[in-house]
Amino acid sequence: MEAVLQTKNLSKRFKGRWAVRDLNIEVFRGDVFSFLGPNGAGKSTTIRMILTLLMPSSGSIEIFGEDLHHNRGAVLARVCGIVEKPDFYLYLSAYKNLEILGSMTRGVQRREIMEVLDLVGLAPRAFDKVRTYSHGMKQRLGIAQALLTKPELIILDEPTTGFDPQGMKEVREMIRTLSTERKMTIFLSTHLLSEVEQVATRMAVINHGELIAQGSVSDLLDRETTHYSIQVVPNAPALDLIERLPWVELISHDNNRLEVRIAEGRASELNRLFISNGIEVSSIFPHKTLEDFFLKVTRGKAAI
Amino acid sequence: MKLFLLETFKTFSRWRTYISFAVIALIVILTEVVMKLSGDEIVNRMLKPFQRDFFISGNVLNVWLITAFIMNSLHIHIPFLITLVAGDMVSSEATAGTIRFLLIRPPSRIRIITAKYLTALFYTAILVIFFAVLCVCLGLTLFGSGDLIVHHYGQFDVAFIPESEVPVRIFLSFIAAIWAMSVVASIAFLFSTLAENSIGPIIGTMAVVIVFLVLGSLPLDFFRMLKPYFFTTHMINLWQQFLEVPIQWHVIVRSAIVLGIHNICLFLTAMFMFKRKDIKS
């Protein structure tokens, strides 16, 4: 597979503190690559280095096989980035904003601008100042911006921040469209796990500036199945038993259903204990949730 | 060139840019109207020491005298008006977040900062030209032409520049004023690359200009000794020399070079800072 984006020992230090340290990630062509991490983990710092807004303290970035530092202009002509929210000149019209953007990238025709504005439903307001646009309209203009220059790689930093559920859904649909219909590679930074579960094909998890997991979403989840749903009768003795077991964490219970988190490979041991204590177990099955995976890897620091 | 045109388009699409033109129009119109009403009295007061020994005739209160009179306020209000835009060139993009819009595109930071700097200089030139055209056109309408009387306040000397020579001198004087004011634009521009808001560069630039003007005018030997090294000294010298009799070309050349060096140093510093700047916002 062709690597579209690679970071090699990428590091950034701010006033004696490492925001990102020795980061090695790989994004392949066609990926919807999710870059996960808790707040302050170093996601935005990494994205800003990839988009040349921040200078790395050490390490390098390769995009399309070319060193970003040495071929900045040529590389960025094939990339579109939206950091946190699309930024536009509010005192100019949507048309003028896109014209400026286009002329800074490769030069675009009026027809191309009107086409993308039409695609996102903004053609009737093309010549209105962006100041008069609603939040959703600005976001759609951001999509138009991403489409206009026909980039091969789109980098989105927290694209759903400040959105209502409908807005979030629209952004997710936009990501799917760009990936499946337009064959663009998407690099998506987020801390919303539901977003990742719904759209990502590969992911990396970062914490305290260091990479702690990287791979395809399905592979990583298969490795980490620690959340179990157990159907037991009777309920009360089962709860008593769990309280006495330090390696079992009770998440919730409802009638005869228990939700627990346990270490890998100990499900059968728990089952045996239930039976030996006269508790009937009618079902026990694992949940492969990204949330569990994420919480586990961000609690410990061991690399996966 | 394309980036310069884009920057110019953006600058002249903002209403803030036109505040300066409105202020200049107001100052020039008010001054010339008041001079029309009470200018004779001012001229009489100015020439009173000479009237015992000389007979002065002709249209003394003419467009050139009025223009020179208004130009004397150049170093006070024009710098402030220049900082409104030059101090905003980079910092306003940081405030609005559009700096990211710019810097993640293919053009290099050096090309972007150069285009912005040229736009700041272009705006400065346009502002001074507007000032000149308004002064002269309105002055010609209200006062007509004539010889220019040159008098240094507090000194017993007076000189005349003939009517045939004055337009060229005034023209050169305004060209020199553009060069002088470009230093103010450069200072504001440098501060703009360092700040994340527009107020800082405006206040910072005005503080620098005022401090140097005040220190240069203090009647203390220490500051008199330093005065030739202040950029404000050369800023004023440069354009005023074109209205002196005779013109001291060596002073003009020296001041133009000193101001040019200031411009180059300030721009290179701005470029260096901007190239290394981390965009964290």
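In what follows, chains carry the letters A, B, and so on, assigned in the order in which the sequence lines appear, proteins first and then strands, with residues in each chain numbered from 1. Because the structure is predicted, anything quoted here is derived from the model rather than measured.
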* To do: Answer yes or no: does atom NZ of A/K138 have more than 12 heavy-atom neighbours from other residues, nucleotides or ligands under 6.0 Å?
  => yes

* For A/F127, does the CZ atom sit with more than 12 other heavy atoms under 6.0 Å from it, leaving out its own atoms? -> yes

* Asked: Can you tell me if CD on A/Q109 sees more than 12 non-hydrogen neighbours from other groups inside 6.0 Å?
  -> no

* Asked: For B/F4, does the CZ atom sit with more than 12 other heavy atoms under 6.0 Å from it, leaving out its own atoms?
  -> yes

* **Interatomic spacing from CG in A/L53 to CZ in B/R109 - rounded to 0.5 Å** => 6.5 Å

* Close side-chain approach of A/R48 to B/R100, heavy-atom, < 4.5 Å -> yes

* Ionic contact status for B/D278 with A/K12, cut-off 4.0 Å -> yes

* Minimum heavy-atom separation for A/L101 to B/F101, with atom names? -> CB-CZ, 3.7 Å

* To do: Look at the side chain of B/K2 and the backbone N and O of A/S103, then say whether any donor-acceptor pair between them is shorter than 3.5 Å.
  => yes

* Please look at A/L92 and chain B and tell me whether the side chain, the backbone, both or neither of the residue comes under 4.5 angstrom of a heavy atom of that chain. => side chain

* To do: Might you confirm whether atom CE of A/M55 has over 12 heavy atoms from other residues, nucleotides or ligands at distances under 6.0 Å?
  => yes

* **Interatomic distance, A/M104 atom CE to B/L103 atom CG [nearest 0.5 angstrom]** => 8.0 Å

* **chain B contact via A/I50 - which portion, at a heavy-atom distance below 4.5 Å** => neither

* **Interface moiety of B/I112 toward chain A, non-hydrogen atoms closer than 4.5 Å** => side chain

* Heavy-atom distances under 4.5 Å only: say whether A/Q145 touches chain B with side chain, backbone, both or neither. => side chain

* To do: Using the ring of A/Y91 (Phe, Tyr or Trp, six-membered ring only), decide whether B/K10 places NZ or CZ under 6.0 Å from its centre and within 45 degrees of its axis.
  => no

* To do: Taking atom OH of B/Y18 as the centre, report whether more than 12 heavy atoms of other residues, nucleotides or ligands fall under 6.0 Å from it.
  => yes

* **Minimum-distance pair of heavy atoms, taken over all atoms of B/R105 and A/L76** => O-CD1, 3.9 Å

* To do: Check whether any side-chain heavy atom of B/T98 sits under 4.5 Å from a side-chain heavy atom of A/F88, and report yes or no.
  => no

* Once you round to the nearest 0.5 Å, how far does OH of A/Y89 lie from OG of B/S92? -> 8.0 Å

